[in-house]
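Note that the numbering runs from 1 along the sequence shown for the chain.
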Amino acid sequence: MKKSKLMAFVLLAAVLLISGCGANKTNEVSGNAASNNGAANGVEETQAATTETEPKGDESATRVIKYLDQEYTVPSKIERIVITGAVEAMEDAIVLDVQPVGAISFAGEFPELFSKVTANAVSIGEKTEPNFEQILSLKPDVILGTSKFKPEVAEQLNKIATMIPYSHISTNWESNLKLLGEISGKTAEAEAAIAQYKSDLEAGKGELGEALTKSKVVTIRIRGGEAYVYPKDVFFNPVLYEDLGFTVPAEIEAAEAQELISTEKLAEMNPDYLFIQFSEAENTDTPKALEEFQNNPIVGSLDAFKNGHAFVNVVDPLAQGGTAYSKIEFLKAVLSSLK
């Protein structure tokens, strides 16, 4: 009897052992399946999490730029820059070789002056007429507008991307160039360009010597068939009167904005050197304005004309005057002309 019970116990243990192994195998298979599914789900979950966190990442991957005492939040990595309204920014782009994805066109085209930086750019409208739909389609990281934009235009642009109002004031030329350098990753290049200008300026002063105190130098602009002068801190005047230190003529000192100057008044000024800027685009109704100005006997009596010291478009007539590019090029022209 005892023997029978012992056999029965052994058989029961064997059955339980086999059942346990089978259960373990089943659990192992189930566990592996669950693990594999989990791995598969894990990839999907990771991808989903990435998708969900990417916007947060984008939002957090920003930086604050300080420019003219204002702060602007922009993406940490800026690759797509649109320039609208600010010809000053277009000129600075030449200096730093910044390639905007969208840029200002002039009469539907990119002028030769900006060909270096517009080869791959799309027109986003004229200077005072930004094409909002085109700008939106370019998906800009940042927009460089102009400080001249009306509030409603600035508001519309800021709905697309952060719009930084690029200053049109000539005394802000260094801040402007540094701003473009910062958003384009070319801070060192901007600093180098500023330093080079100042170095060339000091060398130029040494070259000109007494001419700085003895010569009367004036710049005028012919627009709509008329000659205009500008205040001492506008157009190319800062290079002449602030940087180089030429004496400011009374008529320039008194100017509060762009002011019409008659040939008679110009004759009274009687500059030793005269720099004339003339653009056909600004004289479409008076295409012969420059020729008529030069042939005017009163103008011909100026010392600048009599001595061969009257110069036309020593820099591109589209140049704004108060930018890094304008200052660099105009300084070169002045030093070359007065030698």
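Looking at Tyr166 and Asp92, their side chains do bring a donor and an acceptor atom within 3.5 Å of each other. Checked by atom type, the side-chain pair Asp303/Asn270 shows a donor-acceptor distance below 3.5 Å. Under 3.5 Å, the side chains of Gln258 and Arg223 contain a donor-acceptor pair of N or O atoms. Looking only at atom types and distance, the side chain of Ser167 has no donor-acceptor partner in the side chain of Glu88 under 3.5 Å away.
Counting all heavy atoms, side chain and backbone alike, Pro100 lies closest to Val117 at CD-O, 3.3 Å. Closest non-hydrogen pair, Asn283 versus Gly225, comes out as OD1-N, 2.8 Å. Contact record, Leu180 with Ala93: CD2-N, 3.5 Å, taken as the closest heavy-atom pair. Looking at every heavy atom in both residues, Tyr67 comes nearest to Pro165 through CE2-O, 3.6 Å. Across Ser326 and Glu91, no two heavy atoms sit closer than the pair OG-OE1, 2.7 Å. Met90 and Phe114 get closest at one heavy-atom pair: CB-CE2, 3.6 Å.
The ring pair (Phe, Tyr, Trp, His ring centres under 6.0 Å) test applied to Phe235 returns Tyr230, not counting sequence neighbours. Considering only residues two or more places apart in sequence or on other chains, His309 meets the ring pair (Phe, Tyr, Trp, His ring centres under 6.0 Å) condition with Tyr273.
Hydrophobic clustering of Ile, Leu, Val, Met, Phe, Trp and Tyr side chains at less than 4.5 Å, counting indirect connections, keeps Ile169 apart from Ile328. Under the 4.5 Å side-chain heavy-atom criterion for grouping Ile, Leu, Val, Met, Phe, Trp and Tyr, Ile298 is not connected to Leu302 through any hydrophobic cluster. Cluster annotation: Phe110 is not connected to Val315 through the hydrophobic network of ILVMFWY side chains, with a link wherever side-chain heavy atoms come within less than 4.5 Å.
One distance of note links CD1 of Ile135 with CD of Gln156; it measures 9.5 Å at 0.5 Å rounding. Taking CD1 of Ile220 as the reference point, atom CE of Met269 lies at 9.5 Å (rounded to 0.5 Å). Put simply, OG on Ser105 and CD1 on Ile124 are 7.0 Å apart, with the number rounded to the nearest 0.5 Å. Expressed to the nearest 0.5 Å, how far CD of Glu133 lies from CD1 of Ile160 amounts to 9.5 Å. In this structure, CD1 in Ile143 is found 12.0 Å from CZ in Arg80, a value given to the nearest 0.5 Å.
Glu242 has no carboxylate O lying under 4.0 Å from a charged side-chain N of Lys232, or vice versa, which leaves the two without a salt bridge. Ionic pairing of Lys198 and Glu174 is present here: one or more N-O contacts between side-chain nitrogen and carboxylate oxygen are shorter than 4.0 angstrom. Between Glu79 and Lys77 there is a salt bridge, since a side-chain N of the basic residue sits under 4.0 Å from a carboxylate O of the acidic one. The residues Glu329 and Lys332 are annotated as salt-bridged, a charged nitrogen and a carboxylate oxygen being separated by less than 4.0 angstrom.
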TODO: Give the C-alpha distance, both sets of side-chain angles, the deciding distance and a yes or no for side chain to side chain contact (heavy atoms under 4.5 Å, CB included) between Glu282 and Arg221.
DONE: CA-CA 10 Å; Glu282 294 181 330; Arg221 189 177 195 173; 3.1 Å; yes

Open item on the list: Between Val101 and Val82, is the side chain to side chain contact (heavy atoms under 4.5 Å, CB included) condition met? List the steps.
Closed with: CA-CA 6 Å; Val101 294; Val82 163; 3.8 Å; yes

Open item on the list: For a side chain to side chain contact (heavy atoms under 4.5 Å, CB included) check, start with the C-alpha distance between Gln277 and Asn313, then their side-chain angles and the critical distance, and finish with the verdict.
Closed with: CA-CA 5 Å; Gln277 289 294 99; Asn313 293 342; 3.7 Å; yes

TODO: Would you check, one step at a time, whether the test side chain to side chain contact (heavy atoms under 4.5 Å, CB included) holds for Val142 with Tyr72?
DONE: CA-CA 10 Å; Val142 67; Tyr72 302 90; over 6 Å; no

Task: Criterion ring pair (Phe, Tyr, Trp, His ring centres under 6.0 Å) on Phe246 and Tyr241, from CA distance to verdict - done: CA-CA 5 Å; Phe246 285 107; Tyr241 309 126; 7.5 Å; no

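Applying the 6.0 Å contact sphere to CG of Asn120 captures no more than 12 heavy atoms from other residues, nucleotides or ligands. Heavy atoms of other residues, nucleotides or ligands lying less than 6.0 angstrom from CG of Asn295 number more than 12. Annotation for Glu264: atom CD counts as buried by contact number, over 12 foreign heavy atoms lying within 6.0 Å. At most 12 heavy atoms of other shown residues, nucleotides or ligands fall within 6.0 angstrom of atom NZ in Lys66. Taking a 6.0 Å sphere around CD of Glu109, one finds it holds 12 or fewer heavy atoms contributed by other residues, nucleotides or ligands.
Between Lys127 and Val87 there is a side-chain heavy-atom pair separated by less than 4.5 Å. With a 4.5 Å cut-off on side-chain heavy atoms, Thr84 and Leu144 do not count as touching. Side-chain contact between Leu113 and Tyr325: present, with at least one pair of heavy atoms (C-beta onward) separated by less than 4.5 Å. Side-chain contact check for Asn237 versus Ile252: some heavy-atom pair is nearer than 4.5 Å. A heavy-atom distance below 4.5 Å is not found between the side chains of Ile78 and Ser184. A heavy-atom distance below 4.5 Å is found between the side chains of Val334 and Leu240. Contact check for Ile261 versus Tyr228: no side-chain heavy atoms found under the 4.5 Å cut-off. Side-chain contact between Lys216 and Thr247 is absent, with no heavy atoms from C-beta onward closer than 4.5 Å.
Aromatic pair Phe275/Phe311: ring centres closer than 6.0 Å.
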Distance-only donor-acceptor hits, side chain of residues 200-212, under 3.5 Å, sequence neighbours excluded:
| from | atom 1 | to | atom 2 | distance (Å) |
| --- | --- | --- | --- | --- |
| Asp200 | OD1 | Gln196 | NE2 | 2.9 |
| Lys205 | NZ | Asp243 | O | 3.1 |
| Glu210 | OE1 | Lys214 | NZ | 3.0 |

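Between Tyr197 and Trp173, the ring planes are perpendicular. Angles over 60° get that label, and only those under 30° would be called parallel.
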